[in-house]
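One structure is given here, and the rest of the page talks about it.
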Amino acid sequence: MSRPSDRVLGFTLLAAALFAATFVDATLQRAAHEPALQRTERLVEDLRLSDLVLFTEARYTRHLTQADLHSAFQDHPVALEHFPSGSLLPPPALLLDRHEPLDREAAPSD
Amino acid sequence: MNRWIEKQRHLIDFTASSLARRKGKSLGLLVVYTLLVFVLASVSLYTHALRNEATRVLAGTPEVVLQRLIAGRHDLIPPGYIEKIGRVRGVQKIEGRLWGYYYDSVLKANYTFMVPNDRRIPEGEIVVGPALERSRGLAEGNGISFRAYSGELHTFIVSEVLAHESELVNADLVLMSEPDFRRFFAYPDGHYTDIALWVANPQEVRNVGLKLINALPDSRPILREEVLRTYASIFDWREGMMLALLSAAILAFGIFAWEKAAGLSAEEKREIGILKAIGWETGDVIAMKFWEGFLVSLLAFLLGYVIAYIHVFHFEFALFAPVLQGWAVLYPSFALTPKIDGLQVATLFVFSVLPYTAATLVPIWRAATTDPDTVMRG
């Protein structure tokens with residue numbers, strides 16, 4: 001291991017082995033998490049849950065799919081959306097589907 | 001073949017020694033490069049795994065959730081509504097859901113209060129989610145008081161804490177009996193928060209949704225497919241504030257790498273001139289520089305990716321979690337199941353390794369094809 005190329009290639013190989021190890025670890029962890037995931041699926045069915053607890057700060061980020069079009073502007077009609085998580089999440093797919101085309105088709109008022 | 005390999009090894013020897021001579025600069029580049037790959041890989045691994053887990057666990061969500069809207073706002077389901085739905089053909093099962101939010105002024109946190117339909121909870125008892133257990137120090141058998149909106153204090157005994165493993169969906173839940181829920185929120189009898197319903201034929205869900213809107217024009221059905229679609233687009237790349245911030249970092253790195261790779265220093269130019277003067281061919285000089293660019297970017301990619309993997313799946317995305325938590329007081333602590341998208345990793349590889357390698361080659365090719373004397377004189 002005296003040549004510089006041996007050291008560089010050795011280090012690169014080690015990094016590549018670690019890279020490959022992440023895939024092995026992912027497979028092992030997936031198998032280990034499976035029973036817990038199944039129990040979570042059952043809990044969602046039993047409690048009729050519809051959303052993930054990702055952001056509890058505002059109701060439209062806690063129950064993202066249950067939000068209406070106006071909930072992000074709840075304080076007054078032109079209020080800016082002010083919860084930080086609101087800027088991370090896109091609006092629910094359902095709202096975009098129904099309102100976006102209307103916005104595009106509507107003629108601007110004079 | 002052996003001769004070729006030996007030649008490449010000599011070139012790598014030369015590149016490694018040349019990088020070692022500029023130790024500070026080379027290490028600095030490797031560290032910044034690795035950090036950039038780390039940040040990008042962390043975000044993409046996390047969002048992919050979360051998206052995957054969301055789609056998987058939410059597959060069991062009610063087929064249709066029906067809300068009632070008044071003036072664009074969610075309103076309670078009045079008595080008689082459920083009976084009207086019962087007459088819509090194709091509906092197999094209907095249930096009124098009772099749930100709502102409670103703001104705890106002690107912790108300044110929001111909880112989700114809910115009445116489970118498949119489980120009986122005795123009056124005066126509650127089942128709490130693990131985030132409540134953590135933040136309010138609750139355990140089985142403990143008592144806790146909540147001040148209702150009427151001003152009255154209601155005391156409940158915690159009969160169970162929900163499993164930590166399902167924190168992604170149950171962290172902030174407080175499950176209670178229907179009489180307790182109605183008393184606590186002064187919820188009018190016969191009213192519900194919304195309605196969950198199931199359709200006999202899965203192909204008919206959309207039609208049933210349309211029939212519901214026709215029969216009850218003030219209602220808004222939310223289909224399971226829409227719930228899944230919403231979570232499939234979770235942290236959409238276009239929408240991510242984090243990525244918007246990141247784009248500045250990527251740009252900064254782009255300038256840095258371009259400057260480093262494309263602008264040859266006088267020292268490097270001289271080096272090329274000398275190499276050519278002592279008999280190196282243009283191809284050798286380019287191969288030597290190719291190895292430099294390729295090895296640096298490959299190492300940065302491998303190290304950045306491995307650290308990102310450990311960060312996301314073994315340290316719960318700890319460095320970026322504050323960005324996700326926002327102003328929320330209660331947040332779930334969950335270990336995501338690793339799900340790696342090969343295409344995503346390949347894209348990251350292509351975008352992190354190729355541009356840098358290419359950027360190193362272009363100026364070298366220009367310098368290496370000119371006369372050694374001109375190159376040395378600058």
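Of the atoms belonging to A:V44, heavy atoms from both backbone and side chain fall under 4.5 Å from chain B. For B:Y305, the part sitting under 4.5 Å from any heavy atom of chain A is the side chain, from C-beta outward, and nothing else. Only the backbone of B:L336 comes within less than 4.5 Å of a heavy atom in chain A; its side chain stays farther off. Heavy-atom distances place the side chain of B:V65, and not its backbone, under 4.5 Å from chain A. In this structure, chain A has heavy atoms under 4.5 Å from both the backbone and the side chain of B:N170. Residue contact with chain A, scored on non-hydrogen atoms closer than 4.5 Å, involves the side chain of B:L173 exclusively. Of the atoms belonging to B:T112, it is side-chain heavy atoms, and not backbone ones, that fall under 4.5 Å from chain A. The part of B:V345 that comes within reach of chain A is its side chain, from C-beta onward, which places non-hydrogen atoms under 4.5 angstrom from that chain. For A:L28, no part lies near chain B; criterion is any non-hydrogen pair under 4.5 Å. Within the 4.5 angstrom heavy-atom criterion, no atom of B:W291 approaches chain A. Looking at B:R56, both its backbone and its side chain come within 4.5 Å of chain A, counting heavy atoms on both sides. For B:E95, the part lying near chain A is the side chain, with the backbone staying farther off; criterion is any non-hydrogen pair under 4.5 Å. Proximity to chain A is limited to the side chain of B:Y231, based on heavy atoms less than 4.5 angstrom apart. Contact annotation for B:A335: both backbone and side-chain heavy atoms come within less than 4.5 Å of a heavy atom of chain A. With a threshold of 4.5 angstrom between heavy atoms, B:Y103 does not approach chain A through any atom at all. Of the atoms belonging to B:L330, heavy atoms from both backbone and side chain fall under 4.5 Å from chain A. Proximity to chain B (any heavy atom under 4.5 Å) is shown, for A:L18, by both the backbone and the side chain.
Interface check for chain A: of the options B:I12, B:D118, B:L303, the most heavy-atom pairs under 4.5 Å are formed by B:D118. Ranked by heavy-atom pairs under 4.5 Å with chain B, the first of A:V53, A:V8, A:T65 is A:V53. For the set A:L54, A:T27, A:D51, A:T61, the entry with the most heavy-atom pairs within less than 4.5 Å of chain B is A:D51. With respect to chain A, the highest number of heavy-atom pairs below 4.5 Å among B:V306, B:L175, B:V169, B:D194 belongs to B:V169. When each of A:E34, A:E45, A:Q66 is checked for heavy-atom pairs under 4.5 Å with chain B, A:Q66 comes out on top.
Considering CG of A:L37 and CD of B:E53, their distance stands at 5.0 Å, rounded to 0.5 Å. Of the inter-residue distances, the one linking B:E165 atom CD with A:T40 atom OG1 reads 5.5 Å to the nearest 0.5 angstrom. Residue A:L49 holds its CG atom at 10.0 Å from OG of B:S166, rounded to the nearest 0.5 Å. The distance from atom CZ of A:R3 to atom CG of B:D13, rounded to the nearest 0.5 Å, is 4.0 Å. How far OG of A:S50 is from CD of B:E226: 12.5 Å, rounded to the nearest 0.5 Å.
At a threshold of 4.5 Å between non-hydrogen side-chain atoms, the residues B:T61 and A:R48 do not count as touching. B:L295 has its side chain within reach of A:T12: a pair of non-hydrogen atoms, C-beta onward, lies under 4.5 Å apart.
Residues forming a ring-ring contact (aromatic ring centres under 6.0 Å, His included) with B:F349 (at least two apart in sequence, or on another chain): B:F301. Not counting sequence neighbours, B:H164 has no partner by the ring-ring contact (aromatic ring centres under 6.0 Å, His included) test.
Closest of all the heavy-atom pairs between B:A54 and A:L52 is CB-CD1, 3.5 Å. Closest non-hydrogen pair, A:A67 versus B:R220, comes out as O-NH2, 2.8 Å. In terms of heavy-atom proximity, A:R30 sits nearest to B:P338 at NH1-O, 2.9 Å. Here the closest non-hydrogen pair linking A:A15 and B:L299 is CB-CD2, 4.1 Å. Residues A:D25 and B:H314 share a closest heavy-atom pair of OD2-NE2, 2.9 Å.
A salt bridge is defined here as a Lys NZ or Arg NE, NH1 or NH2 lying under 4.0 Å from an Asp or Glu carboxylate O, and A:R62 with B:D172 meets this definition.
Between A:H63 and B:Y101, the ring planes are tilted. Angles from 30° to 60° get that label.
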